[in-house]
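Okay, structure first, notes after.
Just so you know, these numbers use all the heavy atoms, side chains as well, and skip hydrogens, waters and symmetry mates.
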Amino acid sequence: MPVHLDASASPSPALQFGLAELRAALEAHPPADDLSFRIGGVPATPYPFHVTPDSQSYRLIRKHDGRSIQIVPGGEAGAMYACLDLAEAVRLGTLDLLKQGRHQPFIARRGIKFNLPLDARTPSYSDAGDSAQQNLPEVWDFGFWREFLDEMARHRFNVLTLWNLHPFPSLVRVPEYPEVALDDVLRSRARYDETLSLRGTDMVNPDVLADLETVRRMTIDEKIAYWRRVMRHACDRGIEVYLFTWNIFVWGAEGKHGISRDQTNPITLDYFRRSVRETVLTYPDLAGFGITAGENMEDGQGRFTREAWLWQAYGEGVRDAMASRPGRTVRMIHRCHETSVEAIADAWRDFPGPFEFSFKYAQAHMLASVRPPFADEALARLPPERKMWMTLRQDDQYLFRWSDPDFARAFLGNLPGPDKLGGFYIGPDGYVWGRDFVGLDPTATGQLEIRRQELFFRTWGRLAWDPNLPDACFRRHLGWRFPEADPEGLDDLIRAASGIIPLVNRFHWEDYDFQWYPEACLSRPSYKGFHTVDHFRTGRTMPGEALLSIAEYARRIRNGEPMPEGVATPPEVAADLRALARRVRDGLPKLSPARPGPELEETLADMDTLAWLGEYYAAKIEGALGLGLLAETGEEAHRAVAVRSLETALGAWRAYAATVGRHYRPQMLTRVGVADLAAITAYVEQDIEWAKAF
């Protein structure tokens with residue numbers, strides 16, 4: 001099948017990647033013999049090219065009765081995305097659905113948040129979890145990043161944000177502070193647990209440092225060469241890389257050259273400034289920084305206030321680098337966390353480059369509402385010349401596959417428009433999206449999470465690029481990925497299962513990941529631990545959602561008040577959860593072929609498991625409602641209803657824990673401790689006894 005490239009020079013690595021994908025698709029799925037593709041000349045752009053809507057765009061022209069498709073790219077990234085779109089259409093047989101005219105991204109910057117476990121001496125915020133410890137060696141393996149970045153490009157993500165408390169000792173050599181740079185990659189054999197501070201202040205401690213193992217022997221110069229290679233491969237896939245830090249952490253540097261945690265220590269401030277300068281100079285492909293005015297800062301005075309300190313460390317550090325690299329662009333993204341929009345805007349008014357804000361858009365639970373309200377106030381105060389990035393924290397589903405295009409379309413459509421939105425990045429804090437070490441399937445152990453959770457990443461990445469992507473494309477993709485299953489039935493089943501946790505989250509709302517992990521009905525032990533039936537009885541619904549809490553519903557019943565119109569009641573929520581579970585149950589027998597492939601088998605098991613979880617939460621809500629009505633009315637009949645409901649919940653939980661146990665192993669999670677669903681059964685049993693004694 002002819003593919004012509006109109007270019008006088010060799011194609012860029014990005015275009016080479018796109019062409020390879022297109023040619024592989026044509027070889028595997030040859031369309032009509034008289035069809036041809038022509039990729040027009042790519043406009044000259046600086047390399048690494050800058051992310052803009054124009055540089056990512058392309059124009060598709062059909063000629064000769066549709067037998068010839070011509071692509072006119074707006075830039076290197078546009079040429080690559082055109083090839084990827086064509087390759088996908090060839091694989092799925094959807095060339096007829098590719099519209100003529102201009103194609104450009106709906107959201108210009110579409111990112112992934114990745115907490116980076118570099119070293120026991122320079123930890124990430126997630127290092128207290130099993131996934132971080134297991135993935136620490138992986139992030140020092142270039143093969144991991146090559147696969148990961150290629151998958152990002154395939155799903156149309158073009159921003160990678162790497163988050164670490166204090167990465168500089170593992171990444172750069174600072175001439176003024178030569179003892180800080182760390183050779184080798186070390187991991188602790190100490191057992192991390194949930195007693196570590198939520199603010200990261202004791203992530204490195206004597207126990208961690210007392211039992212270290214060498215994961216990889218590398219000099220700091222070899223580390224620098226390695227990360228330059230990673231960032232260059234990202235650029236070769238049209239992906240910008242940003243380094244995000246929390247402050248002030250000095251792990252790996254404390255005690256050297258007079259560096260300390262003290263915010264008023266001028267040596268520490270100077271060390272950070274020099275480190276930022278060297279990071280910019282060392283990594284020409286680094287797009288910029290993200291910074292946080294916490295978790296380890298104080299409200300100081302004078303030059304040692306939070307924003308003054310950050311400006312002197314990061315702002316002046318970037319200016320120092322740019323003085324010797326004129327023309328270099330460094331973007332700064334300042335999180336609206338433990339500070340205010342006004343304080344940030346005032347301190348950073350002279351930053352010599354793109355400067356933008358960031359907000360935790362859905363707190364820790366992006367899989368809840370399609371229109372979370374939490375950023376509204378910050379957006380209203382946003383200076384008109386600035387933009388806001390949205391952190392989309394996904395601390396809802398670490399185990400189970402997810403895809404609901406309707407939810408994602410609505411969610412993305414409700415983000416601010418391009419006049420205010422800088423971009424977004426999706427990712428967890430309590431888990432590391434590296435390789436999968438929690439699954440028990442021996443054929444898949446060690447695969448990339450971005451591949452295991454391919455349905456999730458494809459849904460969000462493809463719809464952020466084009467929210468009008470037809471449902472037919474998602475169904476045909478399922479048919480291509482799972483040829484042994486009916487794609488329409490599988491699509492409906494996955495959508496139903498994917499709606500369960502978002503509905504639970506909206507009804508039983510907690511802001512942050514340490515407060516609520518719905519896959520295990522769990523929070524940090526020092527917060528609530530297991531969320532009991534009484535926590536559900538007294539809990540609140542998500543702000544901005546038309547949902548009535550159990551307490552308010554029971555109060556209205558006691559007082560004989562009507563329920564507000566358009567607001568879902570607890571019985572209706574329980575019924576909706578059961579309906580979603582029933583859709584899964586009804587669909588499973590039709591989608592269980594005699595010889596399913598391993599991936600389909602695991603996918604169907606996830607959906608079956610989520611259905612049991614939906615049954616559990618439906619019964620638990622009914623049990624909590626019974627106790628709520630008992631508390632308000634004193635009528636003992638409600639206790640009997642509560643006990644029966646909680647007995648039903650116990651049966652559903654036992655089935656849920658058993659199915660999870662056949663596919664996943666228990667794990668230590670950064671924010672909530674050990675998630676062992678079989679062990680949690682004892683708490684589910686206690687709900688019944690508690691209701692009897694209530």
Side-chain angles (χ1 to χ4, degrees), residues 365-368 394-408 428 431 436 438-441 449 452-460 474 478 482 485 489-508 516-522 531 573-592 596 599-621 648-667 669 675-678 680-681 684:
H365 301 294
M366 66 175 286
L367 298 184
Q394 206 287 65
D395 284 290
D396 306 296
Q397 288 189 213
Y398 301 149
L399 297 179
F400 310 125
R401 292 158 177 84
W402 187 98
S403 179
D404 184 348
D406 289 336
F407 181 98
Y431 191 79
D436 165 35
V438 70
L440 293 174
D441 178 9
E449 286 283 1
R452 184 179 79 86
Q453 297 276 12
E454 188 257 4
L455 298 177
F456 175 90
F457 288 98
R458 186 174 190 277
T459 298
W460 289 97
F474 288 97
L478 289 172
F482 306 109
L490 183 58
D491 181 52
D492 183 69
L493 183 148
I494 293 173
R495 289 177 189 238
S498 297
I500 288 171
I501 280 181
L503 179 53
V504 172
N505 281 346
R506 293 195 298 275
F507 182 76
H508 184 67
W516 178 235
Y517 170 49
E519 285 184 321
C521 196
L522 202 62
H531 280 227
V573 171
D576 288 345
L577 284 170
R578 281 213 175 82
L580 291 170
R582 192 177 307 115
R583 275 173 60 189
V584 177
R585 294 268 181 265
D586 291 346
L588 276 170
K590 307 170 189 175
L591 290 164
S592 300
E599 179 65 17
L600 177 61
E601 188 174 6
E602 291 297 312
T603 300
L604 294 178
D606 276 1
M607 303 308 110
D608 179 44
T609 308
L610 279 166
W612 282 119
L613 186 63
E615 296 277 10
Y616 167 71
Y617 280 123
K620 182 155 188 162
I621 289 169
T648 300
L650 175 61
W653 182 271
R654 284 174 172 159
Y656 172 66
T659 54
V660 171
R662 287 193 290 270
H663 297 273
Y664 299 102
R665 57 176 55 86
Q667 62 175 323
L669 294 171
D676 183 338
L677 302 183
I680 290 171
T681 304
V684 181

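- One finds the CD atom of E601 at 7.0 Å from the NE2 atom of H663 (value rounded to the nearest 0.5 Å).
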**Request:** Begin from the C-alpha positions of Y664 and D606 and carry the test side-chain hydrogen bond (donor to acceptor under 3.5 Å, both in side chains) through to its verdict.
**Result:** CA-CA 10 Å; Y664 299 102; D606 276 1; 2.8 Å; yes
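- In this structure, CD in Q453 is found 8.5 Å from CG in L399, a value given to the nearest 0.5 Å.
- Between I494 and R401, the closest side-chain pair of non-hydrogen atoms is not below 4.5 Å.
- Counting all heavy atoms, side chain and backbone alike, T681 lies closest to A657 at OG1-CB, 4.3 Å.
- Inter-residue side-chain proximity for Y617 and C521 is flagged as met; some heavy-atom pair is nearer than 4.5 Å.
- Side-chain atoms of M366 and W460, non-hydrogen and from C-beta on, do get closer than 4.5 Å to each other.
- With rounding to the nearest 0.5 angstrom, the CG atom of L613 is 11.5 Å from the CG atom of D608.
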**Item:** Residue pair L610, Q397: steps toward the side-chain contact (heavy atoms from CB on, under 4.5 Å) verdict
**Value:** CA-CA 10 Å; L610 279 166; Q397 288 189 213; 4.2 Å; yes
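- With contacts defined as side-chain heavy-atom distances shorter than 4.5 Å, the pair E454/E599 does not qualify.
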**Request:** Could you go through the side-chain contact (heavy atoms from CB on, under 4.5 Å) check for L493 and D586 one step at a time?
**Result:** CA-CA 9 Å; L493 183 148; D586 291 346; over 6 Å; no
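- The shortest distance between side-chain heavy atoms of L600 and L591 does not fall below 4.5 Å.
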**Request:** Evaluate side-chain contact (heavy atoms from CB on, under 4.5 Å) for Y616 paired with V684, printing each intermediate quantity in order.
**Result:** CA-CA 10 Å; Y616 167 71; V684 181; 3.9 Å; yes
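- The shortest heavy-atom contact between L490 and A485 is CD2-CB, 4.4 Å.
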**Request:** Take S403 and S498 through the test side-chain hydrogen bond (donor to acceptor under 3.5 Å, both in side chains) and record every step on the way to the result.
**Result:** CA-CA 6 Å; S403 179; S498 297; 6.0 Å; no
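- The heavy-atom pair separating A581 from A611 by the smallest distance is CB-O, 3.5 Å.
- Taking the side chain as every heavy atom from C-beta outward, N505 and P518 approach each other to under 4.5 Å.
- With rounding to the nearest 0.5 angstrom, the CG atom of D404 is 10.0 Å from the CZ atom of F474.
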**Item:** Stepwise side-chain contact (heavy atoms from CB on, under 4.5 Å) test for L522 and L669
**Value:** CA-CA 11 Å; L522 202 62; L669 294 171; over 6 Å; no
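- How far CG of D396 is from OH of Y517: 9.5 Å, rounded to the nearest 0.5 Å.
- Partners of F407 under the ring-ring contact (aromatic ring centres under 6.0 Å, His included) rule, at least two apart in sequence or in another chain, are W402.
- The line from CG of D436 to CG of D441 is 9.0 Å long, rounded to the nearest 0.5 Å.
- Scored by the ring-ring contact (aromatic ring centres under 6.0 Å, His included) test, Y431 finds Y398 as partners (sequence neighbours excluded).
- Here the closest non-hydrogen pair linking W653 and L677 is NE1-O, 3.2 Å.
- Between the side chain of W516 and the main chain of H365, no donor-acceptor pair closer than 3.5 Å is present.
- For D491, the side chain to side chain donor-acceptor pair (under 3.5 Å) criterion is met by R495, not counting sequence neighbours.
- For K620 and E615, the salt-bridge test fails: no basic side-chain N is under 4.0 Å from an acidic carboxylate O.
- Annotation: side chain of E602 is not in contact with side chain of R452 (no heavy-atom distance under 4.5 Å).
- Considering all non-hydrogen atoms of both residues, A408 and T459 come closest at CB-CG2, 3.7 Å.
- R654 forms no cation-pi arrangement with W612, by the criterion of a distance under 6.0 Å to the ring centre and an angle within 45° of the ring axis.
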